[in-house]
Amino acid sequence: MPTSHSGQINTIVDLLTIINPKKLLDIGVGHGKYGFLAREYLDISDNSKPYSTRTVQIDGIEAFPEYITDLQRLIYDTIHIGNALDVIDKVDNYDLILMMDVFEHFTYEDGMALLNKCLKHSKHVLISCPRNVEPQGAEYGNIYETHRFEWRKKHFRSYKEKAFIPNYYSLICLLGPGAKQVRRKFLGDNMKLRIGSMFPRIRRLYIRMKG
């Protein structure tokens, strides 16, 4: 499917704002959801500049050209068409590469090859995969929609600079030199939210003290 589970959206947006990349590559554009969210929370949210000014470069790779419409062309600066394994060698360097519900469409061998290439082109790589990968074939006539492998934490064991981000629906892994710091910031921010929802008076007191 050219989409992903809605239960991971908040987690991914939180991570985007913590990492705050200025150059981002979205592998598997699909409907363009994460390109749109990145454009909103990283770019348009900068109110120090005119509304239409773009300060973040957001590019994409999509293997199935039929998914690309005027909507995606409006969101992304550049969209490369083709298999990410081939296209990644031709792209620029980035602060962050996203692969949201894309990795399960690669075999283990191809997935590892793509990940290693991505790490040569980006400081950080953020991957999300379904925790339970159901059988799926060529949806919409797109052979790239086929599910080929179910990824687990053990498959990322060889990478030292990584962190797993908790999410009920998805296996989310961030790779790169700042991965552990990003995880700590994410957990700290979300702990404040959980405490605030359980103890609203403490939350109001904290806000008054900060103000």
Inset, instruction - Any chance you could measure Ile19, atom CD1, to Gln181, atom CD, to the nearest 0.5 Å? - result: 11.5 Å
Inset, instruction - Starting from the C-alpha separation in whole Å, work towards a yes-or-no answer on side-chain contact (heavy atoms from CB on, under 4.5 Å) for Val125 and Leu174. - result: CA-CA 6 Å; Val125 178; Leu174 176 65; over 6 Å; no
Legend entry - Any donor-acceptor N/O pair, Glu62 side chain to Val29 backbone, under 3.5 Å: yes
Legend entry - Flag side-chain contact, heavy atom, 4.5 Å: Thr146 against His105: no
Legend entry - Heavy-atom donor-acceptor pair, Lys117 side chain to Asp89 backbone, under 3.5 Å: no
Inset, instruction - Assess whether side-chain contact (heavy atoms from CB on, under 4.5 Å) is satisfied between Asp92 and Lys23, documenting all intermediate values. - result: CA-CA 9 Å; Asp92 201 353; Lys23 293 179 65 177; 2.6 Å; yes
Legend entry - Closest non-hydrogen atom pair, His124 against Gly176: CD2-CA, 3.5 Å
Inset, instruction - Evaluate side-chain contact (heavy atoms from CB on, under 4.5 Å) for Asp77 paired with Arg39, printing each intermediate quantity in order. - result: CA-CA 10 Å; Asp77 293 298; Arg39 186 64 71 195; 3.2 Å; yes
Legend entry - Single-linkage hydrophobic cluster Met112~Ile27, side-chain heavy atoms < 4.5 angstrom: yes
Legend entry - Within one Ile-Leu-Val-Met-Phe-Trp-Tyr cluster: Leu114 and Tyr108, side-chain cutoff 4.5 Å: yes
Legend entry - Result of checking Ile97, Val102, Leu98 against Asp26 for side chain to side chain contact (heavy atoms under 4.5 Å, CB included): Leu98
Inset, instruction - Report yes if the side chains of His121 and Val91 come closer than 4.5 Å at any heavy-atom pair, otherwise no. - result: yes
Inset, instruction - For the pair Ser128 (side chain) and Asp101 (backbone), establish whether a donor and an acceptor sit closer than 3.5 Å, ignoring hydrogens and angles. - result: yes
Legend entry - Nearest heavy-atom neighbours spanning Leu24 and Ala38: CD1-CB, 4.3 Å
Legend entry - Pair Phe149 + His155: ring centers closer than 6.0 Å: yes
Inset, instruction - Enter the distance from Tyr41:OH to Asn20:CG here, rounded to the nearest 0.5 Å. - result: 14.5 Å
Inset, instruction - Evaluate whether atom NZ of Lys123 has more than 12 neighbouring non-hydrogen atoms of other residues, nucleotides or ligands under 6.0 angstrom away. - result: no
Legend entry - Whether Tyr76 side chain and Gly35 backbone form a donor-acceptor pair below 3.5 Å: yes
Inset, instruction - Ignoring hydrogens and angles, tell me if any N or O in the side chain of Asn190 forms a donor-acceptor pair with the backbone of Phe186 under 3.5 Å. - result: yes
Inset, instruction - Could you tell me the separation between the CD atom of Glu104 and the CZ atom of Arg148, rounded to the nearest 0.5 Å? - result: 11.0 Å
Inset, instruction - Determine yes or no for a side-chain-to-main-chain donor-acceptor pair under 3.5 angstrom, with Arg54 supplying the side chain and Asp43 the backbone. - result: no
Inset, instruction - Return yes if some donor-acceptor pair links the side-chain N/O of Glu161 with the main-chain N/O of Ala179 below 3.5 Å, else return no. - result: no
Inset, instruction - Specify the closest pair of heavy atoms between Cys129 and Phe103, including all atoms of both residues, with the distance to one decimal. - result: SG-CB, 3.5 Å
Legend entry - Phe64 and Tyr67 aromatic ring geometry - parallel, tilted or perpendicular at 30°/60° bounds: perpendicular
Legend entry - Ile12: which of Leu37, Thr17, Leu126 passes side chain to side chain contact (heavy atoms under 4.5 Å, CB included): Leu126
Inset, instruction - Of all the heavy-atom pairs spanning Lys160 and Lys180, show the shortest one and how long it is. - result: O-NZ, 3.3 Å
Legend entry - Short side-chain donor-acceptor distance under 3.5 Å, Gln8 and Thr11: no
Legend entry - Interatomic distance, Lys90 atom NZ to Ile61 atom CD1 [nearest 0.5 angstrom]: 10.0 Å
Inset, instruction - Nearest 0.5 Å please: distance from the CD1 atom of Ile9 over to the CG atom of Asp14. - result: 12.0 Å
Legend entry - Nearest heavy atoms of Arg73 and Asp70, plus distance in Å: NH1-OD1, 2.9 Å
Legend entry - Pair Asn116-Tyr159, side-chain donor/acceptor within less than 3.5 Å: yes
Legend entry - Aromatic Phe156 / basic Lys162 pairing, under 6.0 angstrom, 45° off normal: no
Legend entry - Minimum heavy-atom distance Gly32-Ile75, with the two atoms named: O-CD1, 3.9 Å
Legend entry - Nearest-0.5 Å distance that lies between atom CG in Leu25 and atom CG in Asp59: 6.5 Å
Inset, instruction - Would you mind reporting whether Ile81 and Ile79 have side-chain heavy atoms less than 4.5 Å apart? - result: yes
Inset, instruction - Check whether any side-chain heavy atom of Arg131 sits under 4.5 Å from a side-chain heavy atom of Tyr169, and report yes or no. - result: no
Inset, instruction - Measure the shortest side-chain to side-chain distance between Ser122 and Asn93 over non-hydrogen atoms and say whether it is less than 4.5 angstrom. - result: no
Inset, instruction - Using a 4.5 Å cut-off on heavy atoms from C-beta on, say whether the side chain of Pro21 contacts that of Leu42. - result: yes
Inset, instruction - For residues Ile172 and Ile127, determine if any side-chain heavy atom of one lies less than 4.5 Å from a side-chain heavy atom of the other. - result: no
Legend entry - Candidate pair Met99 and Cys118, rule side-chain contact (heavy atoms from CB on, under 4.5 Å), full reasoning: CA-CA 10 Å; Met99 287 192 277; Cys118 286; 4.1 Å; yes
